[in-house]
Amino acid sequence: MATKKRPTRCQPPTSSSASRVPQPPTSAVLVYTEYDITDEPLDHRDIKRLPAQVQARIDELYELAQHDPTQAMPALERLVTTYPHIPTFFNHLSIAYLAAGDQEHATACVREAYRRHPQYLFAKINYANLCLQHGESEKVPGIFDHACDLKQLYPHRTRFHVSEFTGFAWVMCRYFCAINERETAALYYQMLKHVAPRHPMTKQAKRTLSPPFWVRWLRTWAEKRLPEQADTPSRSDPT
């Protein structure tokens with residue numbers, strides 16, 4: 001049964017596998033909810049209906065997608081073709097393409113996954129990150145149905161995997177940085193620190209909020225150069 005939304009204070013993890021994680025009540029953007037974050041596998045009805053030999057390979061293919069993508073890609077491409085209703089295979093295939101440095105196919109896979117499975121969380125996350133990469137931050141709210149909280153996005157669920165939480169919180173942090181709402185972005189970073197302090201997404205969020213000095217210097221230099229270039233006629237301008 002779904003947990004009722006209610007204001008709550010931040011609580012420490014209740015066990016090694018699950019923690020009760022509230023949304024911080026310090027921003028009007030975030031709703032007051034709490035839900036369980038776990039590192040235990042979650043049940044997926046459609047995956048349970050797959051042949052046993054296919055189910056047995058899912059975790060193996062996920063690891064291969066990250067560490068030996070060229071070996072994983074043929075099997076994942078077959079699975080995507082055979083079971084297009086399983087969004088997990090699209091997600092693993094896009095990871096393999098990225099790990100192999102094939103940006104073109106990774107982008108196509110992300111777009112196709114979102115087209116076919118717009119309610120699948122990782123399809124939303126991957127497509128939102130793609131939009132942010134292309135400077136299309138205005139598309140992000142619509143991707144998440146204008147929800148800034150997992151419980152708001154999926155009101156029927158009370159438990160989320162840690163990878164779902166970190167992916168969502170990271171893309172939200174990135175989005176609010178992109179629209180210069182850094183205080184809200186910092187809230188998502190604080191949640192990431194609380195739930196998964198050593199997770200790669202937490203480290204990426206920190207770098208987004210506090211980029212190295214040379215990155216800040218380049219941004220400042222570019223901002224100063226833009227007005228100068230605007231005042232300087234180009235070679236094709238009439239003089």
TODO: Kindly say whether P84 contributes a backbone atom to a donor-acceptor pair with the side chain of H117 at under 3.5 angstrom?
DONE: yes
Quiz item: So, do L79 and R57 sit near enough that their side-chain heavy atoms are less than 4.5 Å apart?
Solution: no
**Message:** Quick one: does any side-chain atom of Q152 pair with a main-chain N or O of C148 as donor and acceptor, under 3.5 Å?
**Reply:** yes
Y188 vs F176 aromatic rings, parallel, tilted or perpendicular, using cut-offs 30° and 60°? parallel
Nearest heavy-atom contact between A205 and Y189 is CB-CD1, 3.9 Å
Residues passing the side-chain contact (heavy atoms from CB on, under 4.5 Å) test with S163, sequence neighbours excluded, are F122, H161
Determine whether T88 and I47 make a side-chain contact, defined as any pair of heavy atoms from C-beta on separated by less than 4.5 Å. yes
Margin query: Are V171 and M201 packed together at the side-chain level, in the sense that at least one heavy-atom pair is separated by less than 4.5 angstrom?
Written below: no
Hydrophobic cluster membership, V110 vs M73, 4.5 Å side-chain cutoff | no
Next on the checklist: With no hydrogens and no angle check, just 3.5 Å: does a side-chain donor-acceptor pair link Q103 and T107?
Outcome noted: yes
**Item:** E164/R157 ion pair, N-O < 4.0 Å
**Value:** yes
Residue pairs meeting side-chain hydrogen bond (donor to acceptor under 3.5 Å, both in side chains), one or both in residues 72-84, sequence neighbours left out, come to E77-Y97
Correct closest heavy-atom pair for P87 and H85 would be CD-O, 3.2 Å
Between D145 (side chain) and A147 (backbone), is there a donor-acceptor pair under 3.5 Å? no
Would you indicate whether E183, at its atom CD, is surrounded by more than 12 heavy atoms from other residues, nucleotides or ligands within a distance under 6.0 Å?
no
Quick one: are L93 and F89 in side-chain contact, heavy atoms under 4.5 Å? no
Closest non-hydrogen contact found for P141 with Y175 is CG-OH, 3.3 Å
message = Quick check against the 3.5 Å criterion: does Q66 have a side-chain atom that pairs as donor or acceptor with the backbone of A99?
response = no
Is there a donor-acceptor contact under 3.5 Å from the side chain of K193 to the main chain of P197? no
Q) In the single-linkage hydrophobic clustering (I, L, V, M, F, W, Y; side-chain heavy atoms under 4.5 Å), do L98 and Y127 co-cluster? A) no
**Request:** Report yes if the side chains of I125 and F168 come closer than 4.5 Å at any heavy-atom pair, otherwise no.
**Result:** yes
Verdict with reasoning, R159 to Y35, per side chain to side chain contact (heavy atoms under 4.5 Å, CB included):
CA-CA 6 Å; R159 175 168 289 193; Y35 43 78; over 6 Å; no
key: Side-chain donor or acceptor of K124 paired with backbone N/O of P118 under 3.5 Å   = yes
Residues at least two apart in sequence or cross-chain that pass salt bridge (Lys or Arg N to Asp or Glu O under 4.0 Å) with R174, listed by chain then number, are none
Quick check on E104: does its CD atom have over 12 non-hydrogen neighbours (other residues, nucleotides or ligands) under 6.0 Å away?
no
Could you walk me through whether I179 and E181 pass the side chain to side chain contact (heavy atoms under 4.5 Å, CB included) check? CA-CA 6 Å; I179 63 172; E181 293 191 15; 3.8 Å; yes
Answer whether the closest heavy-atom distance between the side chains of V80 and I86 falls below 4.5 Å.
-> no
Requested in this report: Assert yes or no for the condition that the ring centre distance of Y120 to F90 is strictly below 6.0 Å.
Outcome: no
Can a donor-acceptor pair be found, under 3.5 Å and without considering hydrogens, that links the side chain of T208 to the backbone of Q204? yes
- Is there side-chain contact between Y62 and I95, with heavy atoms separated by less than 4.5 Å? yes
Scanning both residues in full, the closest heavy-atom pair of A196 with T202 reads O-OG1, 2.6 Å
| Just wondering, do V195 and F165 contact through their side chains at under 4.5 Å, heavy atoms? | yes
